[in-house]
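Written below as structure tokens is the structure these notes are about.
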Protein chains: 2
Amino acid sequence: MPKDTFFNLSIEKRQRIIDMAIDEFAKYSYDKVSISKIVDKAEIAKGSFYQYFEDKKDLYKYLLLNVIVEKKVNYLSHFTLKMQEESFFEVLKALYIAGINFAKDNPKLAEISDHFTKNTDDNLKKEIYDGSIPKSNALLEGLLLKGIAKGDLNPDIDIKLTAYILTSLTISIGEYFIKELKVEDDMEIMTLIDNMLLIFEKGIKNKG
Amino acid sequence: MPKDTFFNLSIEKRQRIIDMAIDEFAKYSYDKVSISKIVDKAEIAKGSFYQYFEDKKDLYKYLLLNVIVEKKVNYLSHFTLKMQEESFFEVLKALYIAGINFAKDNPKLAEISDHFTKNTDDNLKKEIYDGSIPKSNALLEGLLLKGIAKGDLNPDIDIKLTAYILTSLTISIGEYFIKELKVEDDMEIMTLIDNMLLIFEKGIKNKG
DNA sequence: ATATAATGTGACCATATAGTCATATGACTA
DNA sequence: TAGTCATATGACTATATGGTCACATTATAT
């Protein structure tokens, strides 16, 4: 966590530091991000930076676990609502939509998340979400169980495997739509999501 | 491509350099790999390294595009055979099996591939497979088209999207089985693959 | 006005890197 | 034996990094 001095800063200065940090962490992976560059762009002295943060990891953690998470929460309200009542596939759809909307509205924050999930340094990974983030498959495992209980889903499916597949897609599909396909239009995105859900609902085999 | 001097080396020395490079690139991502460490471990002088390779990228490219690809080819023969005759799902199964067997037999090479696919430096990505690797979704797009033509697959599916999903799973599923689930047993792996194919064949919706 | 505490600062440190180059070694040729 | 060429070498360069620290500045309290 940043030190008190950081939170004692004027909102403008604090925001400037956060913004410049977001810029850099969105552009580069953790190792390539330069603190020197951040302090230059934020127009503070190197020494000041270390008065606000313990070290580089402290800043990174703060972005990942506070700045980003706080933004993401807003996008999940719709999903949380649906979760109670709607069918499994409606809930899953809401989840995908939330993820894609977040990425559309906050491309830089989405980049940072993407960099983190793609990071292959196990030490860093551990140090960042040591305890703080539950196994990310857990959410979908829960949804699948609920879906089976409700009778929405085939009870014979391999839950852990299905959760893994759907989770990794939740993470990558937003990137794919926006960065690869460069789809901007909301309608088009909806069609893509529907097509994807259809694959998981009914499979791709020909029933002839 | 490495320089002639590299190929003029004795097989032992050449192999020693390759092995130590594989060690390092399996452990660390491109940026974190240190040439100094490789030359130390391979017991050659730093200057010698630069007589064999243009630069760091040259070595990396060589591992990725020659050493690894040449190994991978062996695992795809079975798949190539099946491709001609069998049904779409049989071919897909062969593809997944090939990927997983490669990862089981060559864990370090699989790590290197994994690091590369997860690398987020677009410049590096471009410089490495500039032209040399076709869009990796293309293989599965082709298979899907063939599958539809044969009548194996529902002709209404979104081919590009399906190809993306199946491709990204080909890449990540081997890692998941081996590193996350720590499944070693061949039978168990087969069951997992079958379960996965079933999801894509018939979907996960309850038909009641 | 004085003393104390909180912040700000940038030169500096230790460290590491990719890559170079003048020189040494050894092999092959005439 | 002398000369030529490919190869081997490691000290060295230029550069960059995260992090520190002695000191300067400002704000607060007495």
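All values below come from the heavy atoms of this structure, side chains included, with hydrogens, waters and symmetry mates left out. All chains are named by letter (A, B, ...) in the order of the sequence lines, taking the proteins before the strands, and each is independently numbered beginning at 1.
- Using cut-offs of 30° and 60° for the angle between ring planes, the A/Tyr60 and A/Phe116 rings count as perpendicular.
- The aromatic rings of A/Phe53 and A/Tyr62 sit tilted relative to each other, their planes meeting at an angle between 30° and 60°.
- Interface remark: the A/Lys46 side chain does form a donor-acceptor pair with the D/dG19 base, using a distance-only criterion of under 3.5 Å.
- The residue B/Phe6 sits apart from the nucleic acid: no heavy atom pair falls under 4.0 Å.
- Rounded to whole angstrom, the span from the OH atom of A/Tyr60 across to the P atom of D/dG18 amounts to 14 Å.
- In this entry the distance linking CG of A/Asp4 with P of C/dG8 reads 13 Å, nearest Å.
- Between A/Asp58 atom CG and D/dG19 atom P the separation is 10 Å, expressed in whole Å.
- Between the P atom of D/dA6 and the CZ atom of B/Phe7 lies a distance of 18 Å, rounded to the nearest Å.
- When the C1' atom of D/dA8 is taken as reference, atom CG of B/Leu9 falls 10 Å away, rounded to whole Å.
- Counting to the nearest Å, the P atom of C/dA16 and the CD atom of B/Glu24 are 14 Å from each other.
- For B/Tyr50 and D/dA8, the shortest distance from a side-chain N or O to OP1 or OP2 is not below 4.0 Å.
- B/Thr117 places none of its side-chain heavy atoms less than 4.5 Å from the side chain of B/Ile112.
- Between A/Leu198 and B/Asp158 the shortest side-chain heavy-atom distance does not fall below 4.5 Å.
- If B/Gln51 and B/Lys56 are placed on DNA chain C by their nearest nucleotide, the residue sitting closer to the 5' end is B/Lys56.
- Contacts between residues 32-45 of chain B and DNA chain C, counted as heavy-atom distances below 4.0 Å, involve B/Val33, B/Ser34, B/Ile35, B/Ser36.
- What separates CD of B/Glu54 from P of C/dA18 is a distance of 16 Å, to the nearest Å.
- When the side-chain nitrogen and oxygen atoms of A/Asn8 are compared with OP1 and OP2 of C/dA6, none of them lie within a distance under 4.0 Å.
- At a threshold of 4.0 angstrom between heavy atoms, the contacts of B/Phe53 with the nucleic acid are absent.
- For the residue pair A/Asp55 / A/Tyr50, no side-chain donor-acceptor distance below 3.5 Å is found, with atom types taken as modelled.
- Separating the NZ atom of B/Lys3 from the C1' atom of D/dC5 is a distance of 16 Å, rounded to the nearest angstrom.
- Across all strands, A/Thr5 comes closer than 4.0 Å only to sugar-phosphate atoms, never to a base (heavy-atom distances).
- Here A/Glu86 does not pair with A/Lys93 in a salt bridge; the nearest charged N to carboxylate O distance is not below 4.0 Å.
- The residue B/Lys57 sits apart from the nucleic acid: no heavy atom pair falls under 4.0 Å.
- Here the side chains of A/Lys46 and A/Ser36 are in contact, with some heavy-atom distance below 4.5 Å.
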Once pairs are restricted to Watson-Crick or G-U wobble with both distances under 3.5 Å, how does DNA chain C read as a dot-bracket string, [ ] for crossings and | for other-strand pairs?
|||||||||||||||||||||||||||.||
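- Judged by the 6.0 Å and 45° rule, A/Lys3 forms no cation-pi pair with A/Tyr52.
- Between A/Thr162 and A/Leu153, every side-chain heavy-atom pair lies at or beyond the 4.5 Å cut-off.
- Within 6.0 Å of NZ in A/Lys41 there are more than 12 heavy atoms belonging to other residues, nucleotides or ligands.
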